[in-house]
Amino acid sequence: MELKTRIQNLAGEIFEDVISLRRHIHANPELSFEEKNTAAFVQKQLQDMGIEYIPNIAGHGVVGLIHGKNSSDRVIALRADMDALPIVEANEVPYKSRNEGVMHACGHDVHTSSLLGTARILSQLTDQFSGTIKLIFQPAEEKEPGGASLMIRAGVLETPKVNSIIGQHVHPFLPVGKIGIRSGMYMASADEIYMRVIGKGGHAAHPAHFIDPVTMTAQILVTLQQVVSRSDPRIPTILSFGKVIAQGATNIIPNEVYVEGTLRTMNEAWRAKAKEKIADIVHSVAKGLGGRVELDIRHGYPFLVNDEVLTARTKDYITEYMGPENVEDLDIWMAAEDFAWYTHEVPGCFYRLGTRNETKGIVHGVHTPLFNIDEDAMKTSTGLMAWLAIRELTK
């Protein structure tokens, strides 16, 4: 039987089991750095499949190892993240989150269960490849400094040394049955901005007696947009502020305003310069208005770059498996992903799994209380990743 057909048949055979895995993980989400039970669940599945694994890497990380028929120093890594988000789920489904205020709203339940399904397929096909497939079940993708950076520091790309790495992520804007991919620069870096804008509070009716941190904050935020508007138009840049807290009232001017935001771009030299500009603007505006700012810019994930040679091969493999009509080229995506850390260490390819189904009402984006997937995507996800791993080791 042709290998592709064999993989597709295996993916169909385990489909219902993979859905059960996904629903269990979805119903029992755990936040970043707290994935103890999820990791134990993954270890139990690997143990039942007879797959060698290493637990407790960089906290709750787990690595499985599947060896091919012949000795080889070629190693490909497949990565899935395990953590959930601090969101109250609004979906009314049998597998709704049982942990109030925690939800798999970014699809990591899909990634983890899919990789377990892929592992099950690959464990039955070890006669089809030489080398080693390293299964990386990663904690803490959603929280700085990112579980990827910690696992790399703990040696996850060594012993055996990884030659390349592939990851997938759900994509709610891509129809189920489709795969999206982009070569080269794909996702943005992400730095976190924290500001405490400090003035002097007082009665709102007596402006001569207070230094207003609210208007000061407004002026700072408006002026900061110069960082984007006056940047090189060839470098995608986003500067956004999503949290502004002023604990005053209609007649009370507070002493300070608290602000949180993010800087995202795709050029390291400009990234550093932009942060300098942010600091200069923040402090000069505050000083000019009689206040001051405590500023903390936390250096976050780097940009994600898909290796052009590996991605070209991967796209060809996906086309072989899915058909050209089901492969779409993606635009730059200004969200961030800690998979980026891997791509700065070894050749990497990060592609998107279509999960949208408008007929079923599955249309909501990630990081929202109504995010869900068309589970038919998981028939694609398990077999495709197995196919990619084997094709890459037999090229």
Side-chain angles (χ1 to χ4, degrees), residues 31-33 85-88 101 140 142-146 149 187-303 332 334-336 338 340 367-368:
L31 294 174
S32 304
F33 299 107
L85 288 161
I87 292 177
V88 177
E142 297 286 357
K143 192 170 184 177
E144 295 286 354
S149 67
M187 298 181 71
S189 60
D191 297 315
E192 297 179 354
I193 302 170
Y194 300 89
M195 287 192 289
R196 196 171 298 280
V197 182
I198 302 169
K200 178 184 178 183
H203 195 297
H206 303 293
H209 298 287
F210 61 76
I211 299 171
D212 189 351
V214 178
T215 55
M216 193 185 308
T217 300
Q219 183 64 47
I220 288 171
L221 296 183
V222 170
T223 308
L224 280 174
Q225 292 310 308
Q226 293 180 13
V227 174
V228 176
S229 65
R230 297 182 181 178
S231 66
D232 187 332
R234 295 169 296 180
I235 303 175
T237 305
I238 288 176
L239 180 60
S240 296
F241 295 89
K243 189 172 188 177
V244 180
I245 300 175
Q247 297 285 10
T250 59
N251 60 349
I252 300 172
I253 301 300
N255 284 316
E256 60 184 47
V257 176
Y258 180 71
V259 182
E260 293 183 4
T262 182
L263 170 70
R264 293 165 187 255
T265 188
M266 291 184 166
N267 179 284
E268 286 300 301
W270 165 241
R271 181 185 186 186
K273 187 175 181 180
K275 287 192 282 189
E276 291 178 0
K277 286 178 174 289
I278 289 169
D280 289 345
I281 289 171
V282 163
H283 292 303
S284 63
V285 171
K287 183 178 180 180
L289 295 174
R292 63 185 179 89
V293 174
E294 294 177 357
L295 177 65
D296 179 15
I297 304 179
R298 299 178 189 174
H299 191 77
Y301 304 163
F303 59 79
I332 284 173
M334 292 303 290
D338 84 340
H367 291 223
T368 68

Original post:
So which pairs with a foot in residues 265-286 pass salt bridge (Lys or Arg N to Asp or Glu O under 4.0 Å), sequence neighbours left out?
Top reply: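 Qualifying pairs, neighbours excluded: Asp191-Arg271, Asp191-Lys275, Glu268-Arg271.
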Original post:
Should Asp296 and Arg298 be marked as a side chain to side chain contact (heavy atoms under 4.5 Å, CB included) after you check the CA-CA gap, both sets of side-chain angles, and the distance that decides it?
Top reply: CA-CA 6 Å; Asp296 179 15; Arg298 299 178 189 174; 2.7 Å; yes
Is there a side-chain contact between [X] and [Y] (heavy atoms, below 4.5 Å)?
| X | Y | result |
| --- | --- | --- |
| Thr223 | Val282 | no |
| Leu289 | Ile211 | no |
| Asp212 | Gln219 | no |
| Asp232 | Asn267 | no |

Original post:
For His203, what residues pass the ring pair (Phe, Tyr, Trp, His ring centres under 6.0 Å) criterion, not counting sequence neighbours?
Top reply: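 Partners of His203 under the ring pair (Phe, Tyr, Trp, His ring centres under 6.0 Å) test: His206.
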Original post:
Do Lys287 and Ser284 pass the side chain to side chain contact (heavy atoms under 4.5 Å, CB included) test, and can you show the C-alpha distance, the side-chain angles, and the key distance before you say yes or no?
Top reply: CA-CA 5 Å; Lys287 183 178 180 180; Ser284 63; 5.8 Å; no
Subject >> Of all pairs that satisfy side chain to side chain donor-acceptor pair (under 3.5 Å), the ones with a partner from residues 249-263, not counting sequence neighbours >> reply: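 Every pair satisfying side chain to side chain donor-acceptor pair (under 3.5 Å) with a residue in residues 249-263: Arg196-Glu256, Tyr258-Glu260, Thr262-Arg264.
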**OP:** Go through the steps for Leu221 and Val244 under the test side chain to side chain contact (heavy atoms under 4.5 Å, CB included), then give the verdict.
**Re:** CA-CA 10 Å; Leu221 296 183; Val244 180; 4.1 Å; yes
**OP:** Go through the steps to decide whether Thr237 and Trp270 satisfy the test side-chain hydrogen bond (donor to acceptor under 3.5 Å, both in side chains), and finish with yes or no.
**Re:** CA-CA 9 Å; Thr237 305; Trp270 165 241; 2.9 Å; yes
**OP:** Only counting residues at least two apart or in another chain, list the ones meeting salt bridge (Lys or Arg N to Asp or Glu O under 4.0 Å) with Asp338.
**Re:**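 In terms of salt bridge (Lys or Arg N to Asp or Glu O under 4.0 Å), with neighbours along the sequence ignored, Asp338 is linked to Arg79.
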Original post:
salt bridge (Lys or Arg N to Asp or Glu O under 4.0 Å) with Arg230: which residues, sequence neighbours excluded?
Top reply: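 If we apply the salt bridge (Lys or Arg N to Asp or Glu O under 4.0 Å) test to Arg230, skipping adjacent residues, there are no hits.
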**OP:** Tell me, with the steps shown, if Ile297 and Leu263 meet side chain to side chain contact (heavy atoms under 4.5 Å, CB included).
**Re:** CA-CA 9 Å; Ile297 304 179; Leu263 170 70; 6.0 Å; no
**OP:** Identify, with sequence neighbours excluded, every residue that meets side chain to side chain donor-acceptor pair (under 3.5 Å) alongside Ser32.
**Re:**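 Partners of Ser32 under the side chain to side chain donor-acceptor pair (under 3.5 Å) test: Asp83.
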